[in-house]
Structures are given as structure tokens and as C-alpha cells.
There are 2 protein chains.
Amino acid sequence: MIPVETCEPFFNYMRKFVEPDTDTMQLIADHTSEVTLPEKHLLLLEGNPCDKIYFIVSGLGRSYYTDFSGKTITWNFYFNTPESISKNLFATDYRAFLQNNPSSIAIETLTEVNALLFTKTQVNYLIEKSLIYERWMRKLNESAFMNMYDRAFTLLTMAAADRYQKLVKEESHLLQMFSNYYIASYLGIAPQSLSRIRSQH
Amino acid sequence: MIPVETCEPFFNYMRKFVEPDTDTMQLIADHTSEVTLPEKHLLLLEGNPCDKIYFIVSGLGRSYYTDFSGKTITWNFYFNTPESISKNLFATDYRAFLQNNPSSIAIETLTEVNALLFTKTQVNYLIEKSLIYERWMRKLNESAFMNMYDRAFTLLTMAAADRYQKLVKEESHLLQMFSNYYIASYLGIAPQSLSRIRSQH
DNA sequence: CAATTCCCTTCACATTTGCGAATAAATATA
DNA sequence: TATATTTATTCGCAAATGTGAAGGGAATTG
């Protein structure tokens, strides 16, 4: 339950797919909350249930999987810029959220983060009450699907150097925002290998 | 426009997510068609637009990407068994379908295939006319998302041998249905490497 | 300002995986 | 049945990638 104006960044994003009417906007404002998270805060722990979605308003976040040896593998980055699509706006383990499974990733803030928080109960209520919201969710799911399709297809069909070149072309803002250490595992390679690829043009 | 009874395999699958009412079932039967495709038929060519979805009723299919050297990399398998979830039932390049992009994969039949054919126009019409259908599509998109999430996460975080063990555990029916040559590239490895992994238990 | 931490790079070496060729078994075809 | 074709395996070597160690520079901290 927050003022409608506070949700404006969220409505702006919704408008990429559907135009929310006044009732829907009010309904959303009534069923979310505003949170400020400090730097280096853990939003979600590996293995824990995930019943929340954070819509990033400002700040940086990162999710990661911890492998058998204790190394972390970056799964995704979270931030809100004009370029960013759904891929980077919603900090959650959406698969765990949908299936009520233990989360396979942890999510941490890298800076102070301002976000809108939606619980699973709130999301389900919004889908139930607003056709516009349900339609938007369908399109959001399509968008999330396409991002994952691209990720899987890239990992399956492209070599490490080509995956890096693709990132330079399509997500070069990530290079300015996050360390190469994080970028490397996001691409599925070791930091030293990324360094090697970068030095060979 | 086909008899409602003919759509029964499709309704059966829908029931995993929603219960279609009589009107929706009639609407679907009125906006699809039944096709039989011969063995080794190409449903979709790489680079072509994808404006169709085939719901597999019987038979086997396979999609693949052709890399720079001419080798094919298996993207997915298509068939209809009691175990199969959405992952294997819909033969289409769903990303290209949604975005009106050139298709990144080709799809071929490996045996004679019986399928229900939905054009993009028909799908959009069904979404427009039936709330049940739109709700089902939202859940189908969720399911497609989760399958892609799993594919990307597996490719990013697991080594080749572990990916094979995961397939043995979770999709062992694929081993009975498709050649190791296809399975190997589906796992992102060379056929000889799969052979090596299998020989080491 | 000095000390520390973090990030990036490079090197040498180990491991994994890819690739071409050869072979044999299984299957399909004539 | 005889002959192709496909499929699976193995081998040796090449290429790609991972790993640990070392060092330098930038940024942060006291």
C-alpha cells in the first residue's frame, strides 16, 4: 500500500507491453510496498523458498550459483536503466517462485537498492483481480522465456570468444557496470579465460 | 475447423493447467487443422519466418541449428508420450513465432507425424476470444520459461559428464527414442565425447 | 599518506573437450 | 542374401579452457 505516484517506474515498464488503466494502477499501488536495501545485502539465499519479486527502481544487484568448490557463478544482473528490458528489472528466482521450489541462486545487492516488493500472495491477487495485469503477466512470461531461450541457445551453439563478442554487441553496458570477474562466469568461462579472449581482440 | 473429438489429445494437455469449457473446446476445434507429415519432412527452415505451431499427436521430430562448419546441433526433440511436458509437444521456434524474427532453427520429422496445426492468426484469435485460453497461454509461457531456465542453468553450471547424468535421471526416455549422435549435441558435446563419458560410467 | 584490498592480467601447466580416422556392429536397402 | 548406410565406439593428437601463482595498478580504508 503505497502512493500511486511511487509506482510510476513500474507503470512505465508495464507500458512496454500493455497500457494500465487507472483502476489497475490503484490496485497495484495498494498491493506492493517500497523497500530500500543496503549495500551487500542478501535478498535471497540458495535453497530457500522464493516468494517475493523485487522490481528494481535504482541500484545494482547480482544473482549467483555456488558450485561444489565454493566458486560463485553469476546467473544474472539487476538494475534499471532506459536500455534494460525485463531481463534485468526483476530480482527473483522466477522458476523457484512459480514452482514453490527451493531457490537455485542467491541474490545480493552490490549498491544500495530501491525496489518495489511484490509477495507471491500479492502477485496472485493482482492476476485474479485485473485482466490487464494478467495480460501483462502473459507477455512478461513471453519476454522472460525469450531471454532464457537466447541464453540457452548462446551457451549451446557459440564458443566462449563468440559469446563475449555477442555481449559486447548486445549488452556492452554490463561491461561498464560490473567487474570482469562477474561477467566471466555470466558467460560461462573463467576470469583468466576472459582476460585471454579480451587480449586477443 | 475439425471435429471437437479430434482435439482430445490437445485438451488433455490443456487440463494439466486449466479446465477448458465446452465453448473454448469448440472454439479451438474451429480454429485449428489436422496434418499428417511424412518422414524426413522439413516443417521449418533456418532463417524463415515462423508463424505456425504444431502440436504433436504422434511421431517424432527434431529441431537443430546448423553451425559455421555445417554441423547440426540438436536444439530440441518433439514427441507425445504420457511423460512429456510442454517441452516436447510443440514443434515451433517459439521465440521467432513471438517476435516475428527469422527462425534460428530448422525442424524436421524423423518419422511420420500427426499434429494439430495452429497458425499465428489462429493463436491470436483464440487468445482474444477465450479467457480460459489466455490463462492457459500464460501458464504455458511459464512452463516454457522454466524449461529454458533449466536448460540455460544446466549449460552454465554443470560439466559435460554431469549434464549427461542429469539427462539419464530426468529424461532417460530420450535415450531410447533418439540416437546418441542427436543426444550429444543436445547436451552441447561431440558424439565422441558422449561415447567417452558413457564408457566411464 | 601508507597500508590494504580488489581487480585485472599474464604465465606455465593440467585437464577437458574436439576432431579426424579406423573399426565394428546394427540397420536399412537392393 | 548381399550390399550399403547408419550408428556407436575407440584411438591419438590438437585445440580450448581451467587452475594456481605471481605481480602490478587502481581504488579504498585507516
Side-chain angles (χ1 to χ4, degrees), chain A residues 38-40 59-62 64-74 77 108-112 154-168 172-201, chain B residues 38-41 59-62 64-74 77 108-112 152 154-168 172-201:
Chain A
E39 187 180 349
K40 289 176 189 171
L60 304 180
R62 166 194 174 243
Y64 57 87
Y65 167 79
T66 307
D67 74 7
F68 64 97
S69 74
K71 277 199 302 291
T72 66
I73 299 173
T74 300
F77 300 109
E108 65 180 5
T109 61
L110 300 175
T111 65
E112 184 176 283
T154 300
L155 287 167
L156 187 68
T157 64
M158 294 173 78
D162 297 331
R163 297 203 295 273
Y164 174 68
Q165 293 304 337
K166 178 173 152 72
L167 182 129
V168 169
S172 61
H173 51 283
L174 294 181
L175 297 166
Q176 271 87 56
M177 300 170 85
F178 302 95
S179 76
N180 286 338
Y181 181 80
Y182 291 161
I183 300 275
S185 62
Y186 177 72
L187 290 170
I189 55 182
Q192 298 96 324
S193 297
L194 178 56
S195 216
R196 179 158 37 194
I197 288 166
R198 285 160 60 88
S199 73
Q200 292 162 6
H201 260 206
Chain B
E39 188 180 350
K40 290 178 187 167
H41 176 77
L60 305 179
R62 167 193 174 239
Y64 58 88
Y65 165 79
T66 307
D67 74 7
F68 65 95
S69 73
K71 276 199 303 293
T72 66
I73 299 173
T74 300
F77 300 107
E108 63 179 7
T109 61
L110 300 175
T111 64
E112 183 176 283
T154 299
L155 286 167
L156 187 68
T157 64
M158 294 173 78
D162 297 331
R163 297 204 297 274
Y164 174 69
Q165 292 304 336
K166 178 173 152 72
L167 181 129
V168 169
S172 60
H173 51 285
L174 294 182
L175 296 167
Q176 272 87 56
M177 300 170 83
F178 302 96
S179 76
N180 286 338
Y181 181 82
Y182 291 161
I183 300 275
S185 62
Y186 177 72
L187 290 170
I189 56 182
Q192 299 97 322
S193 297
L194 178 56
S195 218
R196 180 157 39 196
I197 289 166
R198 284 160 61 87
S199 73
Q200 292 162 7
H201 261 205

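Order of the sequence lines fixes the chain letters, A, B, ..., with proteins taken first and strands second; residue numbering starts at 1 for each chain. Any value given below was found using the heavy atoms of this structure, including those in side chains, with hydrogens, waters and symmetry copies removed.
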Under-4.0 Å side-chain N/O to phosphate OP1/OP2 contact, B:Arg196 with C:dT17: no

Taking CG from A:Leu110 and P from C:dC7, how many angstroms apart are they, rounded to a whole number? 10 Å

Between B:Thr72 and B:Arg62, do the side chains contain a donor N or O and an acceptor N or O under 3.5 Å apart? yes

Check the pair B:Lys166 / B:Met158 against side chain to side chain contact (heavy atoms under 4.5 Å, CB included), numbers first and verdict last. CA-CA 9 Å; B:Lys166 178 173 152 72; B:Met158 294 173 78; 3.8 Å; yes

Could you check how far CZ of A:Arg163 sits from C1' of D:dA16, rounded to whole Å? 11 Å

Does the plane of the ring in A:Tyr182 sit parallel, tilted or perpendicular to the ring in A:Phe77? Use 30° and 60° as the thresholds. tilted

Using whole Å, what does the distance between atom C1' of nucleotide D:dG18 and atom CD of A:Gln192 come to? 8 Å

Quick one: on DNA chain D, does B:Ser195 or A:Ala159 contact a more 5' nucleotide (nearest heavy atom)? B:Ser195

Would you mind reading off the distance between A:Met158 atom CE and C:dG18 atom P, rounded to a whole angstrom? 17 Å

If I take atom CZ from residue A:Arg198 and atom CG from residue A:Leu175, how far apart are they, to the nearest 0.5 angstrom? 6.5 Å

When you compare the side chain of B:Leu110 with that of B:Lys40, does any pair of heavy atoms fall below 4.5 Å? no

In Å and rounded to the nearest 0.5 Å, what is the CD1 to CG distance from A:Ile197 to A:Asn180? 11.0 Å

Whole angstrom is fine here: how far is it from CG in B:Leu194 over to P in C:dT16? 17 Å

Whole-Å distance separating the CD1 atom of A:Ile197 from the P atom of C:dT9: 12 Å

Side chain of B:Ala160, heavy atoms from C-beta onward: which of C:dT17, C:dC8, D:dT10 has the nearest atom to it? C:dT17

I want to check one thing: is the phosphate of C:dT16, taken as OP1 and OP2, less than 4.0 Å away from some side-chain N or O of B:Ser193? no

Counting only N and O atoms by type, is there a donor-acceptor contact under 3.5 Å from the side chain of A:Thr74 to the main-chain atoms of A:Ser185? no

Expected output is a numbered-order residue list: members of residues 179-191 of chain A with a heavy atom under 4.0 Å from any atom of DNA chain D. What is it? A:Gly188, A:Ile189, A:Ala190

Pick base, sugar-phosphate or nothing for A:Ala161, based on heavy-atom distances below 4.0 Å to the nucleic acid. nothing

Taking OP1 and OP2 of D:dT19, is either one under 4.0 Å from a side-chain nitrogen or oxygen of A:Lys71? yes

Starting at atom CG of B:Asp162, determine the distance to atom P of D:dG18, rounded to an integer number of angstrom. 15 Å

Starting at atom CG of A:Asp67, determine the distance to atom P of D:dT17, rounded to an integer number of angstrom. 18 Å

